[in-house]
Amino acid sequence: MTKKFPHLKQDFTASLVVFLVALPLCVGVAVASGVPAELGLVTGIVGGLVTGLMRGSSLQVSGPAAGLTVLVFEAVHQFGLPVLGVIVLVTGVLQMAMGALRLGRWFRAISVSVVEGMLAGIGLVLIAGQLYPVLAAQAPASGPGKIAGLPGALLDAFGDSGSLASLAVGSGTVAVLVLWKLVPAKMRAVPGPLAAVGLAALAALLLDLPVATVEVKGLLDSVQPPPLSAFGELAGLGVLGTVVAFTLIASAESLFSAAAVDRLHDGPRTQYDKELVAQGAGNTICGLLGALPMTAVIVRSAANVQAGARTKASRVLHGGWLLLFAALLPGVLNYIPIPALAGILVYSGAKLIPVRALAALWRESRGEALILAVTAVAIVAVSMFEGVLIGLALAIVKTAWVASHVKLEFVDKGAGPVEAYLSGNATFLRLPKILDSLEALPKDRPVRLDLSGLHHLDHACRTALETWAERHSASGTEPVRLTAAR
């Protein structure tokens, strides 16, 4: 056995660590998404037993992700749980198709600022939304509404004993997560999220706190494959737009996670197209089971690597542990306080906001920092999908602006013609600046305009320069002499 599976001991130990990290996160993401807690476990199980067995990235772990919580909640609220299964199923099929067409590598071309802005926006909405369960209050539907309503919800909480108990449990959970790295090393063998939820459940039980807890139906009762009638909803633009959003965001998050995980170990590198197929296969099965969508999750993946995992066996085993727990001990979930799960997601949301990266980006490139900030704000103000599209549009405009860098120099010797030299890339984006400089030249002086230094001259610029030359020559001076672009 040792010869056939030389890393079995390391992978077995790592699988237990990942299971303990994944358990509260699977449940927390499901509750925050507005679906039964068991469906989060189903997605975690599929992420381990199906996606975990497939080729792509050997050490990253898949399951329900906090990054999709906001989008899933909106989809369930707008279309219903049966249609969510259809959306996840079609998302999986599209991911497999993109992987088969070798499009996985192209996700690495997405602007890092847009991706970080997307994560920051998700983090802000996640924090704002999950603070309401911490306060035992009802969250408004819109992102701006959630943020605007927080002060009032906090004030109301201080007048209600149940809300205060919920706030104490949620705040205590966040405090444990923040301070867990300071406890002795032997205690840190227990993952922070599990310790935080366990302590919260114990406190709620011993002190008989009036806080809401997770409601459990049972694994088989929660699994509801989407009916055939739900597939008819694909004719609606709203459902199709949600499918596109799920596909792009889940794929980008998984492949960016793979790149991050690759930096944590020296083992085999990720095969991006195969990883996209693996994620698609997992989402297809999750859709058939009516479960949550999956992505690769950096928290679980990092825990897997840091626990000493060497092969994909660790993530497959973690799926097995989730299945055993869901089958044998589902009643344990009834003791988990909802504000504790909300506290975990508030903490997870805060970690999605790249405060340090934004500060560094502002020093290096304010344009990129602006894209990050606008993407995040747009996601909060409008929605996930539209916010990402706005960020991508800004990134394209910025790239076009930078690529159209052009330099205009004048040499005036006091006598004879004024010599003008254009170099770089002359596009319509820089045309106003070029024309302002040329039109400021004296009307009674001949001009020689040298375009030989241009790498690119678009049609709009060429036409505008020729028109300016005709006007300047018509003023009675010697005709403008143009040296053609190479």
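In summary, the side chains of E275 and Q271 do not present any donor paired with an acceptor at a separation below 3.5 Å, with no hydrogens or angles considered. There is a side-chain donor-acceptor pair under 3.5 Å between Q279 and S62.
Nearest heavy-atom pair across G99 and L276 is N-CD2, 3.7 Å. In plain terms, the two heavy atoms of F73 and A32 that are nearest each other are CD1-O, 3.5 Å. Closest approach of C26 to R300, counting heavy atoms only: SG-NH1, 3.9 Å. Between V27 and L41 the shortest heavy-atom distance is CG2-CD2, 4.3 Å. When all heavy atoms of S33 and V72 are compared, the closest pair comes out as CB-CG1, 3.7 Å. A pairwise comparison of heavy atoms in M96 and A281 identifies CG-N, 3.6 Å as the closest pair.
The backbone N or O of A291 lies less than 3.5 Å from no partner atom in the side chain of T43, so there is not a single donor-acceptor pair. Formation of a donor-acceptor pair under 3.5 Å by the R102 side chain with backbone atoms of A100 is not found in this model. At distances below 3.5 Å, at least one donor-acceptor pair connects side-chain atoms of T311 with backbone N or O atoms of A313.
I87 places a side-chain heavy atom less than 4.5 Å from the side chain of T91. Annotation: side chain of V305 is in contact with side chain of V261 (closest heavy-atom distance under 4.5 Å). Using a 4.5 Å cut-off on side-chain heavy atoms (C-beta onward), L131 and I127 make contact.
Here the rule is side-chain contact (heavy atoms from CB on, under 4.5 Å) with S314, and of V61, L16, V17, N304 only N304 fits it. When each of L84, V86, V90 is tested with V88 by the rule side-chain contact (heavy atoms from CB on, under 4.5 Å), just one qualifies, namely L84.
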Intermediate values then yes/no, side-chain contact (heavy atoms from CB on, under 4.5 Å), V244 and L240: CA-CA 6 Å; V244 173; L240 288 176; 5.7 Å; no

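Annotation: the span from L103 atom CG to S251 atom OG amounts to 10.0 Å, rounded to 0.5 Å. Atom CD in E74 sits 9.5 Å away from atom NE2 in H77 (nearest 0.5 Å). I390 contributes atom CD1, which lies 12.5 Å from atom CD1 of I371 (distance to the nearest 0.5 angstrom). Rounding to the nearest 0.5 Å gives a distance of 7.0 Å between CG of L154 and CG of L167. Taken to the nearest 0.5 Å, the NE2 atom of H318 stands 9.5 Å off from the CG atom of L23. With rounding to the nearest 0.5 Å, the separation of CE in M294 from SG in C286 is 4.0 Å.
For L20, the side-chain contact (heavy atoms from CB on, under 4.5 Å) test picks out P191, L194, with sequence neighbours left out. Not counting sequence neighbours, Y335 has no partner by the ring pair (Phe, Tyr, Trp, His ring centres under 6.0 Å) test. Remark: V211 engages A165, S166, V169, A204, L209, P337, P339 in a side-chain contact (heavy atoms from CB on, under 4.5 Å) (not counting sequence neighbours). With sequence neighbours excluded, the residues forming a salt bridge (charged side-chain N to carboxylate O under 4.0 Å, His left out) with E368 are K398, listed by chain and number. In this structure D262 satisfies the salt bridge (charged side-chain N to carboxylate O under 4.0 Å, His left out) test with no other residue, sequence neighbours excluded. Take T427 and apply the side-chain contact (heavy atoms from CB on, under 4.5 Å) test, not counting sequence neighbours, and it matches S404, L429, H456, D458. Partners of I336 according to the side-chain contact (heavy atoms from CB on, under 4.5 Å) rule, which considers only residues two or more places apart in sequence or in another chain, are V197, V214, L333, L341.
Among residue pairs with one or both ends in residues 118-134, none qualify as side chain to side chain donor-acceptor pair (under 3.5 Å); sequence neighbours excluded. Pairs of residues two or more places apart, or lying in two chains, that qualify as side chain to side chain donor-acceptor pair (under 3.5 Å) and include a residue from residues 283-294 are Q95-N283. Within the structure, side chain to side chain donor-acceptor pair (under 3.5 Å) pairs that include any residue of residues 167-196 do not occur (at least two apart or interchain). Note on residues 46-57: pairs passing side chain to side chain donor-acceptor pair (under 3.5 Å), not counting sequence neighbours, are S57-T270.
Around the CG atom of L206, the shell of radius 6.0 Å holds more than 12 heavy atoms that belong to other residues, nucleotides or ligands.
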Name each donor-acceptor pair under 3.5 Å that joins a side chain in residues 220-228 to protein atoms two or more places apart or in another chain, with its distance.
from: S222; atom 1: OG; to: E38; atom 2: OE1; distance (Å): 3.2
from: S222; atom 1: OG; to: G218; atom 2: O; distance (Å): 3.1
from: Q224; atom 1: NE2; to: D221; atom 2: O; distance (Å): 3.1

